[in-house]
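Data block below; observations after.
Everything numeric here is computed off the predicted structure, so don't read it as measured data. Below, read A as the first sequence line, B as the second, and so on, with proteins coming before strands; counting in each chain starts at 1.
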Amino acid sequence: MNLLTATYHQLDAWWWPYLFILIAGWFANDMWRILGVVLAGRLSDDSAIFTYVKSVATALVAGVIAQLIFLPSGSLGLAPMWLRLLSVAAGFAAYKASRDNVLVAVLVGEAVLLGLWAGLVGMP
Amino acid sequence: MSGTPNSGRPMDIPAEPAETVSTARWFARGAQQFLSIPAMILMASFVGFAGLARASGIGLVETVVMAGGIWALPSCVVLVGAVQTGAPLAATFIAVSLSAFRLMPMVMSIVPVMRAERTSKLTLLFLSHFVAVTAWVFGMAKLPGLPREARAAYFAGFAVTLTSGAMIVAGVSHELAGALPPLLAAGLTLLTPLYFTVSLWGAARLASDRLALAFGVATWPAMHWLEPNFELIWTGLIGGTAAFLVGRRIDAGRRRRVPADTENAGMEVGP
């Protein structure tokens with residue numbers, strides 16, 4: 001069996017999940033961290049390449065954020081889509097209104113989700 | 001880094017010469033910063049992550065290994081998402097490494113802030129493993145206010161404690177995840193997108209950084225519909241390229257209006 005095309009739950013061996021995490025988890029992350037240390041000081045942080053790399057990186061993380069909002073797993077997926085979007089938007093608005101206070105953003109976002117869900121939509 | 005909590009006022013560190021304070025003391029002082037709002041939000045996010053991992057059929061030990069071995073929460077979430085959708089190892093590796101690509105510029109920009117003359121490359125390689133959004137924002141905000149000799153130890157104290165705490169939290173909550181009421185579990189899952197959105201916005205220095213955040217969120221649904229297995233890669237490439245091209249024009253326009261170099265990338269915080 002070709003390990004590269006095997007999924008996480010496909011093989012029965014005890015070591016398979018750990019090998020999967022080692023390659024697709026640890027190495028997929030730390031190769032960039034190691035490269036970052038190696039390249040530190042070479043690439044200027046106001047160069048266009050650096051800015052481009054950072055833009056792609058930020059958009060990738062934004063994609064992760066979108067995935068968590070549009071297609072969440074677990075019980076958050078039971079909340080209506082508009083409520084999930086509204087909660088994050090309210091948290092962001094509170095962040096700006098409070099002059100960049102992360103705690104206020106989190107509290108407002110959570111209050112909108114949990115308050116409206118329990119109050120208007122009905123408990124899950 | 002005015003965009004982070006606790007960064008507005010000077011630090012609660014007495015102004016004694018660095019030589020009189022041992023490395024262990026600086027490590028301990030860094031570790032004390034575990035009791036802070038960003039660290040607590042991150043711990044709560046790992047409660048949500050453990051629930052996600054459990055729902056995807058990932059065991060307790062594997063979840064703890066993921067938390068400590070990957071550490072960056074977005075990568076953890078991408079990996080769990082790939083496991084959940086049954087993606088093969090090669091495709092999972094590509095998706096995770098593309099989402100982890102941003103760690104390289106993050107590490108590249110924190111290393112010049114963190115190192116002193118005597119800091120070895122081995123120490124930096126070890127510490128680089130602990131660089132992720134929370135620790136990076138913390139380091140970029142706090143380290144410039146410390147004596148250079150203290151920085152690596154202080155960062156190590158904070159970051160190693162943070163990672164260890166997250167592993168414990170992930171393990172305990174994986175065990176308890178089934179018992180969480182759905183409303184609470186949903187609230188914990190929401191913490192991650194909430195916290196990432198505002199902390200990335202706070203760490204943004206250029207128009208392109210902020211545009212990339214907005215474009216990325218806006219691009220994802222279309223990419224998910226067009227390329228369900230490679231949506232993150234395309235989101236990053238298309239959203240990021242568009243943000244770079246538009247942002248460069250905005251930043252260039254701003255630089256023309258601001259004669260001093262105040263618009264230089266603010267990430268270089270040197271002596």
Side-chain angles (χ1 to χ4, degrees), chain A residues 3-9 17 20-21 23-26 28-30 32-37 39-41 45-46 50-66 68-70 72-76 79 87-88 91-92 95 100-103 105-106 109-110 113-114 124, chain B residues 3 5 37 51-52 55 62 65-66 69-70 72 74-75 77 79 83 86 88-90 92-93 96-97 99-105 107-109 111 124-125 128 182 185-187 189-190 192-194 196-198 202 208-209 212-213 216-217 220 232 235-236 239-240 243-244 264-265 267-268:
Chain A
L3 292 183
L4 288 178
T5 56
T7 70
Y8 184 88
H9 291 300
F20 199 98
I21 295 169
I23 295 169
W26 175 79
N29 282 274
D30 273 23
W32 296 121
R33 291 179 170 124
I34 292 164
L35 201 60
V37 173
L39 296 179
D45 64 2
D46 55 7
F50 181 86
T51 307
Y52 176 64
V53 162
K54 198 147 66 88
S55 291
V56 173
T58 307
L60 274 160
V61 181
V64 175
I65 294 171
L68 287 165
I69 297 170
F70 290 111
S73 41
S75 56
L76 184 59
S87 305
V88 176
F92 184 74
Y95 177 76
D100 298 1
N101 189 317
V102 175
L103 184 64
V106 167
E110 291 287 346
L113 174 76
L114 302 180
Chain B
I37 289 161
L52 217 67
E62 291 94 310
V65 168
M66 272 186 196
I70 299 171
S75 299
V77 174
L79 179 56
V83 169
L89 176 61
T92 308
F93 173 81
V96 174
S97 48
S99 84
F101 184 70
R102 76 208 162 77
L103 292 171
M104 187 184 74
V107 169
M108 280 176 72
S109 54
V111 161
L124 292 172
L125 284 171
S128 76
T189 310
L190 185 76
T192 307
L194 263 179
F196 279 168
T197 304
V198 297
S208 57
D209 299 334
L213 183 55
V217 172
W220 185 86
L232 277 177
T235 298
F244 171 73
N264 261 341
M267 290 166 64
E268 181 64 56

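Separation of atoms OH (A/Y8) and OG1 (B/T92) is listed at 11.0 Å; rounding is to 0.5 Å. Rounding to the nearest 0.5 angstrom, the gap separating the CD1 atom in A/I23 from the OG atom in B/S97 is 12.0 Å. Distance check: A/T58 OG1 to B/F244 CZ gives 12.5 Å after rounding to the nearest 0.5 Å. Here the straight-line distance linking atom CG of B/L194 with atom CG of A/L113 works out to 8.5 Å at 0.5 Å rounding.
For the residue pair A/A105 and B/V198, the shortest heavy atom distance occurs at CB-CG1, 3.9 Å. The nearest pair of heavy atoms linking B/A185 to A/S75 is CB-OG, 3.5 Å. Contact detail for A/A24 and B/L89: the closest heavy-atom pair is CB-CD1, 3.9 Å. In terms of heavy-atom proximity, A/S55 sits nearest to B/G240 at CB-O, 3.4 Å. Among all heavy-atom pairs drawn from A/N29 and B/A100, the shortest one is OD1-CB, 3.2 Å.
The choice from B/L213, B/V83, B/V96 that makes the most heavy-atom pairs within less than 4.5 Å of chain A is B/V83. Of the listed residues B/A90, B/S208, B/P88, B/A55, the one with more heavy-atom pairs under 4.5 angstrom with chain A than any other is B/P88. Contact count versus chain A (heavy atoms, under 4.5 Å) is highest, among B/G239, B/A243, B/G187, for B/G187. Between chain B and the options A/F92, A/W26, A/Y52, heavy-atom pairs under 4.5 Å are most frequent for A/Y52.
Using a 4.5 Å cut-off between heavy atoms, A/A79 makes no contact with chain B at all. Of the two parts of B/V217, the backbone and the side chain both hold a non-hydrogen atom closer than 4.5 Å to a non-hydrogen atom of chain A. Both the backbone and the side chain of B/A72 come within less than 4.5 Å of a heavy atom in chain A.
Exactly one of B/T189, B/L52, B/T192 qualifies for a side chain to side chain contact (heavy atoms under 4.5 Å, CB included) with A/L76. That residue is B/T189. In summary, of the residues considered (B/L103, B/L125, B/L124, B/V107), a side chain to side chain contact (heavy atoms under 4.5 Å, CB included) with A/I34 occurs for B/L125 alone.
Taking the six-membered ring where tryptophan is involved, the planes of A/F70 and B/W220 are essentially parallel, since the angle between them stays under 30° and well short of 60°.
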Intermediate values then yes/no, side chain to side chain contact (heavy atoms under 4.5 Å, CB included), A/F20 and B/L79: CA-CA 10 Å; A/F20 199 98; B/L79 179 56; 3.8 Å; yes
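In this structure, the side chains of A/L114 and B/L190 stay at 4.5 Å or more apart for every pair of heavy atoms.
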